[in-house]
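One-based numbering, in listed order, for ligands and for the atoms of each.
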Amino acid sequence: MSVPLGLFVAAAPFILVLWRRFTRVLSYSPYPPGPKAYPIIGNALDIPLRTPWETYTAWGRKYGSLTHVTAFGLRLIIINSLNVAVDLLENRSNMYSDRPDMPIAELAGWDINIAALRYGDKWRRHRKMYHQKFKPESIHQFRPLLVTKAHELLRNLLQSPEERVTHLRHYPAAIIMYINYGHDVEPKKDRLVRLSEDATRMVAETILKGTQVVNLAPPLRHLPSWFPGFQRMARTCRQKVDEMQNVPYNSVRKHMAEGTVVPSWLSELLDANKSAGEDQVADIKGVTATSFAAAHDTSASVLQFFVLAMILYPESQSKAQAEIDRVIGHGRLPSFDDSDSLPCVEAIYRELLRWRPAAPLGVPHAATEDDIYNGYLIPKGAMIFANIWGLCHDPVVFENPNDFIPERYLTAEGTITDDRITAFGFGRRACVGRALAHETLWLAIATMLSVFRFAKAKREEGEEVDVDGSFTDSLIIHPQPFRCSITPRTEEHRKLVMNTPQIKLDSLQLYWE
Ligand code: HEM
């Protein structure tokens, strides 16, 4: 008998005892607490269709940091404590970095999107490309682009403040489209923006509405594509997603062949992979096309809530403006070099992400193994939601959590605290674009605050128009439409905006590798 085999035979009784003990623990461990489940349908009637984060937060108060619900055999675990989210999704990230199996996403062509990919080689390839482009050390190369687009945002707001929603959506769209494709986005009705928005809206609808059936019963994915209902919806969706990828891809390819290409993430990836096969080209098309969906609506959400917060909490606005005036004076706009000297501005950015986290439920993770945590069984395949909204509004951690109080991110000395920002998610699946989000949003917030006064709109009689602060019920939240006034703080500030340089983007040096 060889030595390793002999060792195994000698150890076999111990292994057996340990194995029995382990499987007994697993089979005896209860699921985390949760509302009473009924046979077959489980908690299908309890799972909320509207503002789910509110129900999940209420469950957290009732059942504790982990809640378990089930529907037709699908198991959901909701995390309502930051420590538990870190323990599971970060300290045990080897078991919690998967995404739920969503057959409909694949049918709809959305398996090009890293955020929906299962944990595996394809995800690793996509994540590596994202990381190389958007890691904190890399994104400084985009600063000239961000500054140019922030100046344009200021001019747009000065010229037509009533169109602020359009301007605040245009700013992050223009940044990510230029990074992806070297495409200078039209101020309105840009073709590539429309293609991306249409495709992502349709994917969201297809996945969310009317098609849950195929997620709950995966074999239905094998029904033929002409089959009415979800199959037909998914096919139309796939066409849109293909168009969203192929139109910019073909254009960049054509310009590369003609020698007239504006350097971009796509041209850089194609240059670096000249002999790329079909799969590699599909990866490259996928990452460049889906980063728009990840970056645009989330960043636009924060900017819309910024304006809302400034008019609902004017004292926060005045405090940050006093800081800007003290540090910078009136003759110039804030720049990235000022960021360490403007803690109140940074605190506003952080508080926005806490007060109204753009994605209140984040993106669900999935467990790849049975796990026991604090005596509870978290079964393999369970969908894991870190309830970001609940974590950000936990009254034990944040006093008066519904109020906008940037000071909670400032120490007694006035520096930024080291409290964690949870709005970007957890572990290996945490947002890979958070550094770009920070730079994009910080610059817009700092420059807008330096030159504009945000206030409630007034009726002709001088009476203020009330703003109730409500927001949409969607994967990415936005304020419900509201009126406000955006005016230059002084004539000097108006001139500062008017005199911002108008630079052609292709003249910028963005230091592509
Ligand atoms: C305020 C802005 C943003 C917010 C609040 C946000 C939030 C999030 C959240 C909650 C996740 C899921 C994390 C998890 O599963 O635990 C995520 C994933 C992701 N985000 Fe962001 N994000 C923002 C901006 C951006 C930007 C600018 C990019 C730029 C490329 C980006 C790219 C991604 C990608 C690619 C993923 C998927 C990561 C993966 O599954 O491995 N995000 N983001």
| remark: When distances are taken from atom 34 (C) of ligand 1, the protein heavy atom at minimum range is Val432 CG1, 3.7 Å
| request: Heavy-atom contacts with Arg127 under 4.0 Å: which atoms of ligand 1 show up? List them by number with element. | output: 38 (C), 39 (C), 41 (O)
| query | Is a salt bridge present between Asp473 and Arg50, judged by a nitrogen-to-oxygen distance below 4.0 Å? | reply | yes
| said: Between ligand 1 and Trp123, is the shortest N or O to N or O distance under 3.5 Å? | reply: yes
| Result of checking Phe404, Phe306, Tyr349 against Trp355 for ring-ring contact (aromatic ring centres under 6.0 Å, His included) | Phe404
| Do Arg354 and Glu351 meet the salt-bridge criterion of a basic N to acidic O distance under 4.0 Å? | yes
| Heteroatom distance test (Arg429, ligand 1): nitrogen or oxygen, under 3.5 angstrom | yes
| So is there a nitrogen or oxygen of Phe426 less than 3.5 Å from a nitrogen or oxygen in ligand 1? | yes
| remark: min-distance protein heavy atom vs atom 15 (O) of ligand 1 -> Arg99 NH1, 2.8 Å
| said: Can you confirm if the NZ or CZ of Lys285 lies within 45° of the ring axis of Tyr249 and under 6.0 Å from the centre of its six-membered ring? | reply: yes
| query | Would you call Arg408-Glu399 a salt bridge at under 4.0 Å N-O? | reply | no
| Check: Thr166 main-chain N/O paired with His170 side-chain donor or acceptor under 3.5 Å | no
| field | His365 and ligand 1 - part of the residue with a heavy-atom distance under 4.0 Å | value | side chain
| query | Counting from 1, what ligand 1 atoms have a heavy atom of Val302 closer than 4.0 Å? | reply | 1 (C)
| Residue Leu441 vicinity, atoms of ligand 1 by number, heavy atom under 4.0 Å | 1 (C)
| Between Val363 and ligand 1, which residue portion shows a heavy-atom distance shorter than 4.0 Å: side chain, backbone, both, or neither? | both
| message | Is a donor from one side chain sitting under 3.5 angstrom from an acceptor on the other, for Tyr171 and Asn156? | response | no
| message | If I compare all heavy atoms of Val307 with all of Cys484, which pair ends up nearest, and what's the gap? | response | CG1-SG, 3.8 Å
| said: Please list, in number order, the atoms of ligand 1 under 4.0 Å from a heavy atom of Ala115. | reply: 37 (C), 40 (O)
| task | Could you tell me whether Thr440 approaches ligand 1 through its side chain, its backbone, both or neither, with non-hydrogen atoms closer than 4.0 Å? | result | neither
| message | Quick test: of every protein heavy atom, which one is nearest to atom 4 (C) of ligand 1, and how far off is it to 0.1 Å? | response | Phe424 CE2, 3.5 Å
| query | Which atoms of ligand 1 sit under 4.0 Å from any heavy atom of Ala423? | reply | 5 (C), 7 (C), 10 (C)
| Donor-acceptor under 3.5 Å (Thr298 side chain, Ala295 main chain) | yes
| Salt bridge or not for Glu106 and Arg118, using N-O below 4.0 Å? | no
| request: Please state whether Val287 comes within less than 4.0 angstrom of ligand 1, counting heavy atoms only. | output: no
| field | Nearest protein heavy atom with distance in Å, relative to atom 28 (C) of ligand 1 | value | Gly433 CA, 3.4 Å
| query | In ligand 1, which numbered atoms sit nearer than 4.0 Å to a non-hydrogen atom of Ala294? | reply | 24 (C), 25 (C), 31 (C), 32 (C), 33 (C), 42 (N)
| request: Please determine if Arg75 forms a cation-pi arrangement with Tyr376, meaning its NZ or CZ atom is less than 6.0 Å from the six-membered ring centre and no more than 45° off the ring axis. | output: no
| said: Please determine whether ring pair (Phe, Tyr, Trp, His ring centres under 6.0 Å) holds for the pair Tyr56 and Trp59, giving the CA-CA distance in whole Å, both sets of side-chain angles, and the decisive distance to 0.1 Å. | reply: CA-CA 5 Å; Tyr56 293 176; Trp59 284 348; 5.5 Å; yes
| field | Non-hydrogen atom of His126 closer than 4.0 Å to ligand 1 | value | no
| atom 21 (Fe) of ligand 1: which protein heavy atom is closest, and how many Å away? | Cys431 SG, 2.3 Å
